[in-house]
*Asks:* 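Below are the structure tokens for one structure; questions will follow.
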Amino acid sequence: MDRQCEIRRTVEKEILHLYGQSQDASGRAKLARLRNSIGKSDMVETYPFLFEILPESLLGRGRYLSDEERAVVCSLQLYALLQQGRAECAHIRNEKYQNLGTTLSRLRGGESKAIDRRFNSMVLADTGEEFLIQLRYLLKLFKSKDKLGTLDFSQLSSDIYCFIHWEKGKNEIRLNWSREYYRRNEKGEENDD
């Protein structure tokens, strides 16, 4: 199994587990720890949780989190952010391929210039850290505008991995997300699927 597939499967499995525990104190505590670790350079509080769920093949060996570990933990952090205050699950697995660009295109209304600037800042980010910061801002904006909005976090984890792992993946994600974000539907209107 390739790494992207394994990352998607790991995130999907863990989100379903977290959602199943979301009514328990321990489940809410895990979600809170994930949310509280967002943006911190030292994510030590997530290590027991992260290293417990990762398959051996995704575990890093170096002094820093591997790209695989970062993709998984960032996706779970973003899930915890969107899941906060919701009864229904913020994760939805899309059988029909949709990416973050498709989801964010729904925000493009009367104030699309500001959202477009934020989207462009994200896809044009030079570093993985800059990309993840911009992604987090956009998802906070998404949550504030669409309280019931859902996202395929398993696909997002794979996309994050591609973006931060290699240059070709970064360019592929930029193109795919931009196509979906800016495309117009058959009626000539902007995408609002």
Side-chain angles (χ1 to χ4, degrees), residues 1-62 64-100 102-104 122 128-129 131-140 142-143 146-165 169 173 177:
M1 178 181 318
D2 75 338
R3 290 200 183 275
Q4 288 176 267
C5 212
E6 201 161 2
I7 289 168
R8 276 194 305 270
R9 194 187 68 189
T10 300
V11 168
E12 175 89 20
K13 179 180 171 189
E14 191 52 33
I15 285 177
L16 295 176
H17 180 73
L18 285 168
Y19 182 67
Q21 290 185 327
S22 63
Q23 299 307 310
D24 303 338
S26 65
R28 287 191 305 271
K30 279 183 186 177
L31 289 170
R33 276 195 304 277
L34 283 166
R35 277 191 309 275
N36 292 334
S37 69
I38 293 174
K40 294 184 178 177
S41 58
D42 184 10
M43 295 189 284
V44 172
E45 64 190 49
T46 65
Y47 290 175
F49 168 73
L50 176 64
F51 299 139
E52 181 180 276
I53 66 166
L54 283 174
E56 185 73 27
S57 60
L58 295 181
L59 287 174
R61 305 281 182 252
Y64 304 102
L65 288 177
S66 69
D67 291 343
E68 294 86 348
E69 291 165 334
R70 285 175 60 206
V72 170
V73 76
C74 288
S75 299
L76 294 175
Q77 288 171 326
L78 294 170
Y79 165 75
L81 181 70
L82 258 64
Q83 188 59 45
Q84 185 177 23
R86 296 174 59 134
E88 65 288 331
C89 190
H91 168 71
I92 187 165
R93 187 169 185 202
N94 288 313
E95 298 303 321
K96 177 182 129 183
Y97 180 73
Q98 290 187 331
N99 61 38
L100 187 66
T102 310
T103 302
L104 294 176
M122 178 186 62
E129 288 306 313
F131 167 73
L132 294 171
I133 289 167
Q134 296 298 330
L135 174 60
R136 185 172 66 245
Y137 288 142
L138 264 172
L139 288 184
K140 283 181 179 179
F142 174 69
K143 181 180 180 177
D146 189 352
K147 304 272 188 244
L148 301 176
T150 57
L151 189 61
D152 187 340
F153 285 93
S154 57
Q155 181 61 49
L156 180 63
S157 66
S158 176
D159 290 349
I160 289 172
Y161 174 70
C162 282
F163 194 97
I164 65 178
H165 188 65
I173 296 304
W177 286 7

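Residues take their numbers from the sequence shown, with the count starting at 1.
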*Asks:* Quick one: do the Q77 and S37 side chains pair a donor with an acceptor below 3.5 Å?
*Replies:* yes
*Asks:* Evaluate I173 against L100 for side-chain contact (heavy atoms from CB on, under 4.5 Å), listing each step before the verdict.
*Replies:* CA-CA 10 Å; I173 296 304; L100 187 66; over 6 Å; no
*Asks:* Does E52 reach the main-chain N or O of F49 with its side chain, forming a donor-acceptor pair under 3.5 Å?
*Replies:* no
*Asks:* Looking only at heavy atoms, which two atoms of D159 and W177 are closest? And how far apart?
*Replies:* OD2-NE1, 3.0 Å
*Asks:* Any side-chain heavy atom of E129 sitting closer than 4.5 Å to one from R70?
*Replies:* yes
*Asks:* Is the closest side-chain heavy-atom distance between V72 and D67 below 4.5 Å?
*Replies:* no
*Asks:* Using the ring of each side chain (for Trp, its six-membered ring), is H91 parallel, tilted or perpendicular to F153, with breaks at 30° and 60°?
*Replies:* tilted
*Asks:* Please give me the minimum heavy-atom distance between E45 and R33, naming the atom from each residue.
*Replies:* OE2-O, 3.3 Å
*Asks:* Hey, is R61 close enough to E56 for a salt bridge, meaning N to O under 4.0 Å?
*Replies:* yes
*Asks:* So, does D146 use its side chain to make a donor-acceptor pair with the main chain of F142 at under 3.5 Å?
*Replies:* no
*Asks:* If I take atom CD1 from residue I160 and atom CG from residue L78, how far apart are they, to the nearest 0.5 angstrom?
*Replies:* 5.5 Å
*Asks:* Can you tell me how far the CD atom of E88 sits from the OG atom of S22, to the nearest 0.5 Å?
*Replies:* 10.5 Å
*Asks:* In terms of relative ring orientation, are H165 and Y161 parallel, tilted or perpendicular, with 30° and 60° separating the classes?
*Replies:* parallel
*Asks:* Would you give the length of the straight line joining atom CD of E14 to atom CD of Q21, rounded to the nearest 0.5 angstrom?
*Replies:* 7.5 Å
*Asks:* Which pair of non-hydrogen atoms, one from R3 and one from L58, has the smallest distance, and what is that distance?
*Replies:* NH1-CD2, 3.9 Å
*Asks:* Quick check against the 3.5 Å criterion: does E69 have a side-chain atom that pairs as donor or acceptor with the backbone of G60?
*Replies:* yes
*Asks:* Between the side chain of K30 and the main-chain N/O of S26, is any donor-acceptor distance below 3.5 Å?
*Replies:* no
*Asks:* Can you tell me how far CE of M122 sits from CZ of R136, rounded to the nearest 0.5 angstrom?
*Replies:* 13.0 Å
*Asks:* Are any of the side-chain heavy atoms of S66 and L59 separated by less than 4.5 Å?
*Replies:* no
*Asks:* Within a 6.0 Å radius of atom CD on Q23, are there more than 12 heavy atoms belonging to other residues, nucleotides or ligands?
*Replies:* no
*Asks:* Counting only heavy atoms from other residues, nucleotides and ligands, does the tally under 6.0 Å from CZ of F51 exceed 12?
*Replies:* yes
*Asks:* Using side-chain contact (heavy atoms from CB on, under 4.5 Å) as the criterion, point out the one residue from L81, V73, T46 that pairs with I38.
*Replies:* L81
*Asks:* Sort out for me which residue in I92, L139, N99 forms a side-chain contact (heavy atoms from CB on, under 4.5 Å) with L151.
*Replies:* L139
*Asks:* Take L76 and I53, measure what side-chain contact (heavy atoms from CB on, under 4.5 Å) needs, and give me the verdict at the end.
*Replies:* CA-CA 11 Å; L76 294 175; I53 66 166; 3.6 Å; yes
*Asks:* Please report the shortest heavy-atom distance between E6 and S57, naming the atom on each side.
*Replies:* OE2-OG, 2.5 Å
*Asks:* Please round to the nearest 0.5 Å and tell me the distance separating atom CD1 of I164 and atom CD of E68.
*Replies:* 8.5 Å
*Asks:* For I7 and S158, which heavy atoms make the closest approach, and how far apart are they?
*Replies:* CG2-N, 4.3 Å
*Asks:* Could you tell me the separation between the CZ atom of F163 and the CG atom of L135, rounded to the nearest 0.5 Å?
*Replies:* 9.5 Å
*Asks:* So, do L18 and L34 sit near enough that their side-chain heavy atoms are less than 4.5 Å apart?
*Replies:* yes
*Asks:* So which heavy atom on C89 is nearest to which on I15, and how close?
*Replies:* SG-CG2, 4.3 Å
*Asks:* With side-chain hydrogen bond (donor to acceptor under 3.5 Å, both in side chains) as the test, pick out the partner of E12 among S157, S75, S154.
*Replies:* S154
*Asks:* Quick one, T103 and D152 - any side-chain contact, counting heavy atoms below 4.5 Å?
*Replies:* no
*Asks:* Dump the intermediate steps for side-chain contact (heavy atoms from CB on, under 4.5 Å) on Q134 and L138, then the final yes or no.
*Replies:* CA-CA 6 Å; Q134 296 298 330; L138 264 172; 5.9 Å; no
*Asks:* With side chains defined as the heavy atoms from C-beta onward, is the minimum distance between R28 and D24 less than 4.5 Å?
*Replies:* no
